[in-house]
S.K.: 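This is the structure I want to talk about, given as structure tokens.
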Number of protein chains: 2
Amino acid sequence: MANMKEIARIAGVSLGTVSNVLNGSARVRDPLRRRVEEAVQSIGYQPSALARGLRRDKTNMIGMVIPDVTNPFFPAVIRGAEDVAFSNGYRLVLCNTDNDHVKELAHLNELRTYLPAGLIVIPSNFSDLTKQAESYQRNGAAVVCIDRLPKRWQGDSVTVANEHGAAAVTRHLIRLGHQRIAVIAGPLHLTNSEQRLRGFRRAMSEAGLPVPPEYVQETSFDVPGGRAKAMLLLRLLPRPTAIFAANDMIAMGVIEATRSLGLQCPGDLSIVGFDDLEFASLLNPSLASVFQPGYQLGATAARLLLDRVRGDTSPARHIVLETELRIRESVAPPVDASQPPQRRKAATASPPGTKKRTSTRRRS
Amino acid sequence: MANMKEIARIAGVSLGTVSNVLNGSARVRDPLRRRVEEAVQSIGYQPSALARGLRRDKTNMIGMVIPDVTNPFFPAVIRGAEDVAFSNGYRLVLCNTDNDHVKELAHLNELRTYLPAGLIVIPSNFSDLTKQAESYQRNGAAVVCIDRLPKRWQGDSVTVANEHGAAAVTRHLIRLGHQRIAVIAGPLHLTNSEQRLRGFRRAMSEAGLPVPPEYVQETSFDVPGGRAKAMLLLRLLPRPTAIFAANDMIAMGVIEATRSLGLQCPGDLSIVGFDDLEFASLLNPSLASVFQPGYQLGATAARLLLDRVRGDTSPARHIVLETELRIRESVAPPVDASQPPQRRKAATASPPGTKKRTSTRRRS
DNA sequence: GATGATTTTTGAAACGTTTCATTGTGAGGA
DNA sequence: TCCTCACAATGAAACGTTTCAAAAATCATC
């Protein structure tokens with residue numbers, strides 16, 4: 001009832017003219033234009049997004065495919081994407097995949113039938129995504145992959161400097177005098193996990209420190225996983241004096257394990273995470289972490305996507321966002337009876353050892 | 001190209017027959033049905049959601065309107081709704097409103113043009129929602145309002161037992177011996193805030209305890225708000241021995257304020273929150289809180305909605321979900337020199353309520 | 001005022017479905 | 001053999017847009 005035909009009737013013009021007024025697609029003389037605009041106002045007409053999408057072969061929807069909205073890192077990403085999309089007239093369709101490639105595939109297949117303008121994906125099923133992306137691109141939809149990428153991803157991407165961030169935080173631990181540093185990595189088939197582990201290893205090997213295999217654990221990005229692996233690590237002899245957790249959820253599991261074994265953090269064990277979730281600074285001890293700009297990740301992806309939607313055909317862009325060290329109470333120099341006096345050790349590891357500590361600590 | 005006409009051509013049948021096979025809307029004899037199905041398989045045909053929606057006057061989308069996906073309570077709600085929706089073949093379109101009624105209105109107005117099957121709303125702009133809802137319902141879309149409601153909401157709703165939960169946790173504090181209990185409420189124009197405050201007042205008046213006006217503060221549901229109001233409360237004389245924060249974000253702000261004033265929790269101040277977010281139990285001290293079933297809230301709303309979509313025309317349902325007390329380390333009996341000696345010797349004798357703590361702690 | 005060039009407006013086709021009145025088919029009864 | 005009747009299959013219309021060729025109106029020039 002409230003359709004263009006009605007507007008045309010009220011304004012006494014043709015359908016085509018109404019369309020031209022609405023889309024500014026052709027010149028329309030003032031009197032007609034005014035009559036159309038008034039008619040639109042008078043009945044509060046709004047064009048059907050479905051009919052428009054059908055005809056134009058494209059809608060103003062953007063599919064956002066993420067593993068799980070309840071994982072605290074992702075909402076920030078979503079929010080960034082939503083803000084940019086919304087203010088440019090695009091809407092987000094949210095799809096949880098649970099890291100399940102069947103669900104991912106189902107979402108991708110169905111989403112396409114809505115002819116979205118684009119797709120922002122945090123992928124879980126890498127092998128298929130490339131094929132899917134091609135199929136979307138044939139439909140004229142842009143695809144941006146974020147956070148972690150399929151192995152040979154050719155399209156646009158936005159990620160963070162995982163390796164660099166991991167190396168930086170590891171070096172910080174080393175500078176404090178830690179020598180036995182363990183790592184609890186995320187699922188290693190995810191590129192971000194793998195990069196963080198690589199950064200850790202690089203920093204360790206640069207410092208000439210060994211990384212025994214049992215000091216490297218892999219788990220899912222959640223609290224129970226972190227707790228379980230930490231229990232394992234904290235029973236090793238010699239016990240690590242620091243643990244690098246591949247994200248803050250894992251780190252919280254480590255904190256729990258530490259407490260339940262009656263150990264002190266940072267006294268007996270230094271803990272660092274990755275993400276710097278909002279509440280990391282509110283834990284006790286407040287959690288040192290590598291900040292990832294989640295909001296920027298989403299916002300940048302949306303901007304990249306919109307560029308493509310508007311016709312940018314330049315070569316694929318790979319944007320890497322900076323991470324930032326956020327040192328807090330959960331890290332301190334090791335106190336380890338089995339080692340020579342701590343001060344000297346720290347001094348050998350990094351000449352201005354103690355001084356470094358206070359200076360970096362201020363950053364929290 | 002991959003449309004029904006193509007399928008009809010390949011299978012050598014008419015368009016209508018293809019439609020009938022796809023929708024099971026009419027009997028189709030086996031040989032034809034098989035040919036159609038094979039044709040569909042052979043080119044991986046999927047019907048256009050847009051064309052279908054246009055023709056049917058309804059899509060399989062559900063609009064989900066929430067204040068802000070980065071507020072940690074909402075992702076659980078979203079997830080619950082998404083799971084139920086997805087497994088029933090519906091998709092979620094996410095809309096952040098920022099509690100901004102202009103944004104809310106913009107979202108609602110545009111969403112409608114997609115002819116969604118329904119709408120799940122956590123409202124911020126109460127006056128308009130009722131009008132909007134009617135407009136959606138005229139379009140055949142169901143509307144379910146959750147978490148907090150417009151004043152005279154007539155439609156389906158799902159909320160939690162805010163008043164009951166608030167009363168329960170307040171009574172717990174009273175039983176522990178607290179007499180000077182302050183409250184930091186959420187924005188009082190939101191029904192959930194108002195209900196929580198009412199529950200608090202009810203428990204206090206039942207116990208014959210006074211609630212001086214300066215012990216009742218209002219703020220937004222976030223950490224800075226909680227911190228600011230807590231600073232205010234903790235400088236009052238006499239100082240409250242317990243603070244009921246209307247959600248966990250506020251409670252975290254209270255914890256921060258407590259620390260920054262050099263006070264001990266629970267020694268000097270007991271703190272309880274509302275929500276029981278995932279990390280509440282991981283704070284130190286772990287935060288006592290009133291658990292709200294966020295996932296259930298979303299899932300129930302989606303189920304209600306789908307009932308309506310499927311033609312249920314029974315009177316509006318108002319579902320109220322139970323809350324649950326989660327007592328943890330952040331509460332203990334008060335230690336207050338200005339009060340007469342406590343009957344419970346243990347409470348005064350033990351340094352800041354250790355005994356009581358362990359006993360209540362079991363419940364977490 | 002006639003002519004041609006240019007701008008504005010029109011109307012029909014198309015997008016890919018669903019729906020429904022119509023036509024086609026074959027079986028059973030007379 | 002013919003007539004009904006139930007059932008299957010068909011094809012055109014409709015959903016609400018956009019697009020574009022064609023028609024109409026306007027303008028500039030002579």
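Just so it is clear: chains get the letters A, B, ... in the order the sequence lines come, proteins before strands, and each one is counted from 1. Hydrogens, waters and symmetry mates play no part in the numbers below; they use all other heavy atoms, side chains included.
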S.K.: I need the A:S220 OG to A:L190 CG distance, nearest 0.5 Å.
M.R.: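 Going from OG on A:S220 over to CG on A:L190, the span is 10.5 Å.
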S.K.: I need the CG-C1' distance between A:N60 and D:dT17, as an integer number of Å.
M.R.: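 Answer to the nearest Å: 14 Å.
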S.K.: For B:N23 and C:dT18, is the shortest distance between a side-chain N/O and OP1 or OP2 below 4.0 Å?
M.R.: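 So the side chain of B:N23 is within the cut-off, an N or O lying under 4.0 Å from OP1 or OP2 of C:dT18.
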S.K.: On the nucleotide C:dT17, are OP1 or OP2 found under 4.0 Å from the side-chain N or O atoms that B:R56 carries?
M.R.: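 Result: no.
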S.K.: What integer distance in Å separates A:M4:CE from D:dA14:C1'?
M.R.: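 Spelled out: CE on A:M4 to C1' on D:dA14 is 16 Å.
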S.K.: Round to a whole Å and report the spacing from CZ of B:R9 to C1' of C:dG16.
M.R.: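 Spelled out: CZ on B:R9 to C1' on C:dG16 is 16 Å.
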S.K.: Taking atom C1' of C:dT17 as reference, at what distance in whole Å does atom CG of B:D57 sit?
M.R.: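 Taking CG of B:D57 and C1' of C:dT17, I get 13 Å after rounding.
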S.K.: May I ask you to evaluate whether A:S19 reaches the phosphate of D:dT17, defined as a side-chain N or O under 4.0 Å from OP1 or OP2?
M.R.: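 For A:S19, the contact criterion (side-chain N or O under 4.0 Å from OP1 or OP2 of D:dT17) is not met.
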S.K.: Would you call B:R35 and B:E38 a salt bridge, using N to O less than 4.0 angstrom?
M.R.: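 Salt bridge: no.
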S.K.: Would you mind checking if A:D307 and A:R303 are paired as a salt bridge, meaning a charged N to carboxylate O distance below 4.0 Å?
M.R.: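 No, A:R303 and A:D307 are not salt-bridged.
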S.K.: Send over the distance from B:L22 CG to C:dT19 C1', rounded to a whole Å.
M.R.: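 So the two atoms are 15 Å apart, to the nearest Å.
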S.K.: Side-chain contact test, heavy atoms from C-beta onward, threshold under 4.5 Å: evaluate it for A:R112 versus A:N139 and give yes or no.
M.R.: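 Yes, side chains in contact.
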S.K.: For D:dG16, does OP1 or OP2 lie under 4.0 Å from any side-chain N or O of B:Y114?
M.R.: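 It does not, given that no N or O in the side chain of B:Y114 lies less than 4.0 Å from OP1 or OP2 of D:dG16.
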S.K.: Are any protein N/O atoms closer than 3.5 Å to N/O atoms in nucleotides 9-13 of chain D? If there are, list each pair with its distance.
M.R.:
unit_1 : atom_1 : unit_2 : atom_2 : d
D:dA9  : OP2    : B:R29  : N      : 2.8
D:dT10 : OP2    : B:S14  : N      : 3.0
D:dT10 : OP2    : B:S14  : OG     : 3.2
D:dT10 : OP2    : B:T17  : OG1    : 2.7

S.K.: How many whole angstroms separate atom CZ of B:R52 from atom C1' of C:dC15?
M.R.: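 To the nearest whole Å, that distance equals 16 Å.
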S.K.: Distance check needed: D:dC7 C1' versus B:R33 CZ, whole Å only.
M.R.: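 Computing the B:R33:CZ to D:dC7:C1' distance gives 14 Å.
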S.K.: Look at all strands and tell whether A:S48 reaches a base, only sugar-phosphate, or nothing, counting heavy atoms closer than 4.0 Å.
M.R.: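 The residue A:S48 makes sugar-phosphate contact but no base contact.
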S.K.: So which nucleotide from D:dT18, C:dC15, C:dT18 ends up closest to the side chain of A:L54?
M.R.: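 Of D:dT18, C:dC15, C:dT18, C:dC15 is nearest to the side chain of A:L54.
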S.K.: Between B:N23 and B:S25 (side chain of the first, backbone of the second, donor and acceptor by atom type, cut-off under 3.5 Å), is there such a pair?
M.R.: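 Checking the backbone N and O of B:S25 against the side chain of B:N23, no donor-acceptor pair under 3.5 Å is found.
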S.K.: With side chains defined as the heavy atoms from C-beta onward, is the minimum distance between B:I66 and B:I120 less than 4.5 Å?
M.R.: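 No; the side chains remain at least 4.5 Å from each other.
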S.K.: Calculate the interatomic distance between B:R35 atom CZ and D:dA8 atom P; express it in whole Å.
M.R.: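 So the two atoms are 16 Å apart, to the nearest Å.
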S.K.: Does A:R91 qualify as a cation-pi partner of A:F86, given the criterion of NZ or CZ under 6.0 Å from the six-membered ring centre and within 45 degrees of its axis?
M.R.: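 Judged by the rule (NZ or CZ under 6.0 Å from the ring centre, within 45° of its axis), A:R91 is not positioned above A:F86.
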